[in-house]
Undergrad: 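Take this structure, written in structure tokens, and hold onto it; I'll ask about it next.
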Amino acid sequence: MSEAVKEISYESTRYNPHAIEPKWQKKWEEAGLYKVDLSDQSKPKYYFLTMYPYPSGDLHTGHWYAEAPADAAARYLRMKGFNVLFPMGFDAFGLPAENAAIKAARRGENVHPATLTYKQIDRMVKQFAQMGAMFDWSKMIATCDPDYYKWNQWFFLKMYEKGLAYKKQSPVDWCPSCNTTLAREQVIGDDRVCERCGTPVIKKDLSQWYLKITDYAEELLNFEGLDWPARVREMQTNWIGRSEGAEVNFETPAGPLTVFTTRPDTLWGASFMVLAPEHPFVAELTSADKRTQVDAYVEEAKRKTEIDRLAEGKEKTGVFIGAYAKNPVTGRDIPIWIADYVLMGYGTGAIMAVPYGDQRDFEFARKFGLDIIPVVKPDDVETVDVAGMDKAYDGPGTMINSGPINGKIHNGEKGQNSPAIAATIEYLEGQNLGKAAITYRLRDWLISRQRYWGTPFPIIYCEEHGAVAVPYETLPVELPTDVEFMPTGESPLKSHESFLNTTCPICGKAATRETDTMDTFMDSSWYWFRYLTPHKEDGPLDAKLAKHWTPVDTYTGGIEHAILHLMYARFFTKVIRDLGLIQQDEPFKRLRNQGIILGEDNEKMSKSRGNVVNPDDLVAEYGADTVRTYLMFIGPWDQGGPWNSKGIEGPTRFLGRSWTLVTEEPTNDEAITEKTLKELKRAVHTAIKEVTDDFENFQFNTAIAELMTLVNVMNKAKSKQVVETLEWQEGIEGLIKMLAPIAPHIAEELWERSNHKGSIHLKNWPSYDETALVKDSISMAVQVNGKVRGQIEVATDASKDDILDTAKAESNVARYLDNAQIVREIVVPGKLVNLVIKA
RNA sequence: GCCGAAGUGGCGGAAUUGGUAGACGCGCUCGACUCAAAAUCGAGUGGAUAAAACCGUGCGGGUUCGAGUCCCGCCUUCGGCACCA
């Protein structure tokens, strides 16, 4: 707080955001106010990152909703004394620009994705400036720059060296609209649609590049030390899908066959075996008399899409292949079937079927008349009646018909937490018949895309040497610009002769380049390191700076990246760590997700619905500060919600009243009282406490509500005498400072107008004084039998007896106490009194 | 089917450890200013009632002096996973 009251000069003009916003934006830029010195270690660092956007060329309300509150949070931290890095860049590769080029080509025009992308980036940078955000543009990156994507190629080669990148032929998901393959994570929901365009995907059998994210499955399940929303952690955990159980070896005429099961304890009830139709053992095991049937089933399974399979209502189908396996613990011969409910891509593509305990196996056994052997006796029955069962039993109980583990208890828990499972695994390992095992649902990350506008793979195919890495010193493999864009289902680079044809780095003979490009999620898997040194030429990142500045302290963005980007980024971080470039295990310490801002009709904003709210129009009408304030005031940030064109009037009036409060000369000349000043001070310090807590917790809506209350209180207290007090000045300074992160332009202008020197944005956040929060007297509710019957005013330090005396004397309360006996008296200091009476 | 989140006025939403439900704002009503309107300022605003008693946080129970908050059983909406062995 200042030591002397400042001279106030009033100059009454109306609040006009259109005059002050461009003025300050220009001054801030000229002064380099938001430039961050990364080498400055005099203050603690804070890396505040918000997800970079695709350069669509137009900043929409969703961008504002994501960025403006993040900007406010970053500004708050800066005022709290941190050296805050708050960078911005562009996720510049991707299909929209390429599709626009194709569209233009069809019209006979020539639009290159690169030209378009850079033009759109320029436009968006200007729009971001209008928002008043404090991004440090000197750190900007665009992932389509060769000096950025060069390092995608570098990371890819490092992974290739370590065996973390590999190529394999297999059935993959293909989007017929985007004309490219997709990662498993990009196929969404029951309908199996493309994450980008919503088109149902189909299967294609292709040779593609993968990154071995499954090597890190176990580590990716560990979120220790991360302050992330539970929802995101659960989604990733679900996606990785860890199952604990055992691998068991079965003898077959074609050799040993391993199956994975989560219930090895039920092995004695395994009465048949099922293989996926694609299983490599099928051909060899099939007996001559079953050959025709089996071939037909395999063919049909191949033809059927997953949609078809689901559409069939999960009715079990399958055929006996005429071969038998030996149940390793009972020695019984059990028939081997194939069925499409067993998937080649999970576990070992083969299962032991225990119809007693597994609903799918149960249905299958009932349909085809296979044996059902009871192995777990529920505790509430004497004997198990298999014939009377209408579904499988997978609950807890005592093991029966199970040889050495008879009498062991299955308690319903997973893995070794169940005594029966633990005992079985011990038995299997002792007999060398199997072992404890863990299986994950997570698949390796398919990164090949058959499109142009992305990072070329640094791989050359040589007839003699196969897939050969492009030497590091010749990186980047530049994306050629003179390319035919028409989509063919193959990469456009394939028809670019001078790109395609090259020589083998090993033998120098004619060779061809890989023509697919990389998934753009590669770009975003490490970009936050690049902000520190966007133009570094001898490496992807600067180890020293990375050590000081990363991991990112707070990361904000949409929940739609819960699995995709955020899981890939965690994976990359662990790989970069294992390459020895960094020490950290995780990229983002604290994660916060904003919700989605909807149209006024509560529907997703879209041109076709005509419910789009354009931020440029809003800024022209209300000014950026009002739009920012309203977006933060609308509700909890992680909830989003519909835009309300009436609702913005609230923040409009609030900023107007704040303006008047500071700039208008008081007319009230009522005499000042000690009490008024004390109340004023209390209001100011209460606001500082509440707003500070709210900023810490990303509760912008209540922070603004608190500031509104402060403005209302100060307006009531304002008088000729009051404005000359230190208390008033402290209130005005506190208010402007707390307004600064939310509405940076008006705060700067009011700061200047109230005779302060230097930018408000370089000042420290106000602190509060606990003693100023204490009231002299407090109002307490008096309840009789739990119902409020009166209000009393007592001194803050009143004793329990004094409070009770005052409570009982309250006239309305006294009415209830007549002819009644008080059986209990409860006093909650500062809150209420409850008198329990018996009539 | 499994897992998770959420249901509070006409609307957006507030409510430390259980302690005065509805902060703040929108809207609405009345008033001031104005020839008038807009803007602004002031007062009021959960329901019902003349007033009190009374009823109110999705529904039904329970614990407690006291429940939006805790427990049990449901309903609805949203999100994720799903023939994953």
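Here is how names work: the chains are called A, B, and so on, in the same order as the sequence lines, proteins then strands, and each is numbered from 1.
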Undergrad: State whether A:Glu363 and A:Arg360 are salt-bridged, where the test is any N-O pair (Lys NZ or Arg NE/NH1/NH2 against Asp/Glu carboxylate O) under 4.0 Å.
TA: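 A salt bridge is absent here (no side-chain N lies under 4.0 Å from a carboxylate O).
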Undergrad: In whole angstrom, give the distance that lies between atom CZ of A:Arg653 and atom C1' of B:G27.
TA: 10 Å
Undergrad: Do A:Leu618 and A:Tyr630 have side chains that approach each other closer than 4.5 Å (heavy atoms only, starting at C-beta)?
TA: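 A:Leu618 does not reach A:Tyr630 side chain to side chain.
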Undergrad: OP1, OP2 of B:G13 versus side-chain N and O of A:Thr702: anything below 4.0 Å?
TA: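 A:Thr702 to B:G13 OP1/OP2: no side-chain N or O under 4.0 Å.
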Undergrad: Only counting residues at least two apart or in another chain, list the ones meeting salt bridge (Lys or Arg N to Asp or Glu O under 4.0 Å) with A:Lys689.
TA: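 Checked A:Lys689 against salt bridge (Lys or Arg N to Asp or Glu O under 4.0 Å); matches are A:Asp693.
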Undergrad: If the cut-off is 4.0 Å, is A:Arg789 near the phosphate of B:C54, judged by side-chain N/O to OP1 or OP2?
TA: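 For A:Arg789, the contact criterion (side-chain N or O under 4.0 Å from OP1 or OP2 of B:C54) is met.
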Undergrad: Run the side-chain donor-acceptor check on residues 240-249 of chain A: report pairs under 3.5 Å with partners two or more places apart or on a different chain.
TA:
from: A:Arg242; atom 1: NE; to: A:Glu218; atom 2: OE1; distance (Å): 3.0
from: A:Arg242; atom 1: NE; to: A:Glu218; atom 2: OE2; distance (Å): 3.3
from: A:Arg242; atom 1: NH1; to: A:Glu244; atom 2: OE1; distance (Å): 3.3
from: A:Ser243; atom 1: OG; to: A:Tyr346; atom 2: OH; distance (Å): 3.3
from: A:Asn249; atom 1: OD1; to: A:Thr258; atom 2: OG1; distance (Å): 3.0
from: A:Asn249; atom 1: ND2; to: A:Leu433; atom 2: O; distance (Å): 3.3

Undergrad: Nearest-Å distance, CD1 (A:Ile188) to P (B:G80)?
TA: 8 Å
Undergrad: Could you check if the base of B:G9 is syn or anti? Syn means the glycosidic torsion is within 90 degrees of 0.
TA: syn
Undergrad: Rounded to whole Å, please give me the gap between CD in A:Glu696 and C1' in B:U16.
TA: 17 Å
Undergrad: Return the 5'-most residue of the pair A:Ile704, A:Ile826 with respect to RNA chain B, ranking by each residue's nearest nucleotide.
TA: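 Taking each residue's closest nucleotide, the earlier one in sequence belongs to A:Ile704.
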Undergrad: Answer with yes or no whether A:Asn238 presents, from its side chain, a donor or acceptor under 3.5 Å of a partner atom in the base of B:C81.
TA: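 It does not, because no donor-acceptor pair links the side chain of A:Asn238 to the base of B:C81 below 3.5 Å.
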Undergrad: Should the pair A:Arg592 and A:Trp637 be classed as cation-pi, given the thresholds of under 6.0 Å to the six-membered ring centre and 45° from the axis?
TA: no
Undergrad: Does A:Gln783 get its side chain close enough to the base of B:U20, under 3.5 Å, for a donor-acceptor pair?
TA: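 Answer no: no donor N or O sits under 3.5 Å from an acceptor.
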Undergrad: Per the atom types in the model, does the base of B:C83 pair as donor or acceptor with the side chain of A:Lys316 at under 3.5 Å?
TA: yes
Undergrad: Paired stems touching RNA chain B, three or more consecutive Watson-Crick or G-U pairs with both distances under 3.5 Å?
TA: B:1-7 with B:75-81, B:10-12 with B:24-26, B:27-32 with B:40-45, B:58-62 with B:70-74
